[in-house]
Amino acid sequence: MITSATRRRLALALRLSAILILGADAAVMAFRPKALAAEFAATGFETAQAPQIAAILAVSILLYAIPRTALLGAICITGFLGGAICAHVRLGELASPAQWICVILGVMTWAGVRGSKSWQPWLDYSEPADRQ
């Protein structure tokens, strides 16, 4: 049986893994876009768009890394990964390794949020009582 402490540790490991993998992707796009020139050309993006795409991913990762905004970050990361999957589907690469990597990263992202209970502040919010 998985205890709550084990669940929190597993969620933290998943969150940190997703942050590191996506952070490395954003760093390569931001600082070495020429290294991805062939992949960008294959998907129809210009290499000059790499810094903007990296900035979008970096903001999503930052939101995901902060516990209070992790749910919003997970939503943004899911949208980013969905766009990556869509770019590959457009090229006819159905069920390609790149798509499976995106799916796995998405599952890791949401498992990290769910296991750490980062979603609770959003759902358990109640208006403060009026003080008289």
Side-chain angles (χ1 to χ4, degrees):
M1 179 147 185
I2 298 176
T3 64
S4 63
T6 304
R7 182 176 289 127
R8 282 193 307 267
R9 284 189 202 112
L10 182 59
L12 180 62
L14 288 170
R15 283 183 73 184
L16 290 176
S17 297
I19 289 169
L20 288 174
I21 293 167
L22 292 169
D25 186 33
V28 170
M29 280 191 281
F31 301 115
R32 300 281 307 212
K34 299 292 184 203
L36 300 173
E39 287 82 6
F40 270 84
T43 55
F45 292 102
E46 295 179 21
T47 308
Q49 294 173 316
Q52 291 89 359
I53 296 171
I56 292 168
L57 182 56
V59 168
S60 300
I61 294 167
L62 181 64
L63 288 171
Y64 182 65
I66 301 169
R68 186 81 172 154
T69 60
L71 183 64
L72 181 60
I75 292 168
C76 292
I77 289 171
T78 303
F80 182 86
L81 295 172
I85 289 172
C86 182
H88 287 280
V89 167
R90 188 175 58 85
L91 298 173
E93 297 178 358
L94 191 60
S96 68
Q99 288 179 328
W100 284 111
I101 290 170
C102 289
V103 169
I104 291 167
L105 282 171
V107 169
M108 287 172 58
T109 299
W110 281 102
V113 169
R114 176 64 176 100
S116 68
K117 305 254 187 225
S118 294
W119 52 274
Q120 277 188 329
W122 293 75
L123 300 177
D124 294 342
Y125 180 76
S126 60
E127 291 292 326
D130 291 332
R131 295 183 187 176
Q132 295 178 345

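Bear in mind that the values here come from a model prediction, so they are computed numbers and not experimental data.
- Closest approach of Leu63 to Gly73, counting heavy atoms only: CB-CA, 3.6 Å.
- Transitive grouping of hydrophobic side chains (ILVMFWY, heavy atoms separated by less than 4.5 Å) keeps Leu20 and Val113 in distinct clusters.
- Contact check for Pro51 versus Met29: no side-chain heavy atoms found under the 4.5 Å cut-off.
- Once rounded to the nearest 0.5 Å, the distance linking CG of Leu22 with OG of Ser60 reads 9.0 Å.
- Counting all heavy atoms, side chain and backbone alike, Cys102 lies closest to Ala84 at SG-CB, 3.8 Å.
- Rounding to the nearest 0.5 angstrom, the gap separating the CE atom in Met108 from the CG atom in Leu16 is 9.5 Å.
- At a threshold of 4.5 Å between side-chain heavy atoms, the hydrophobic network of Ile, Leu, Val, Met, Phe, Trp and Tyr places Val28 and Ile19 in one connected group.
- Note that NE2 of His88 and CD1 of Ile101 are 9.0 Å apart. Values are rounded to the nearest 0.5 Å.
- Here Phe45 pairs with Phe40, Thr43, Gln49, Ile53, Ala87 under the side-chain contact (heavy atoms from CB on, under 4.5 Å) rule; sequence neighbours left out.
- Evaluated for a side-chain contact (heavy atoms from CB on, under 4.5 Å) with Trp110, the options Leu14, Ile75, Ile77 yield exactly one hit, Ile75.
- The shortest distance between side-chain heavy atoms of Val59 and Leu62 does not fall below 4.5 Å.
- In this structure, the side chains of Thr69 and Tyr64 stay at 4.5 Å or more apart for every pair of heavy atoms.
- Exactly one of Asp25, Thr78, Leu81 qualifies for a side-chain contact (heavy atoms from CB on, under 4.5 Å) with Leu105. That residue is Leu81.
- Of all heavy-atom pairs between Ala58 and Ala26, the closest is N-CB, 4.5 Å.
- For the atom pair CG of Leu36 and NZ of Lys34, the computed distance is 11.0 Å after rounding to the nearest 0.5 Å.
- The minimum heavy-atom distance linking Ala18 with Thr109 is given by the pair CB-OG1, 4.0 Å.
- In the hydrophobic clustering of this structure, Phe31 does not group with Ile21; members are Ile, Leu, Val, Met, Phe, Trp, Tyr whose side-chain heavy atoms approach within less than 4.5 Å, directly or through other members.
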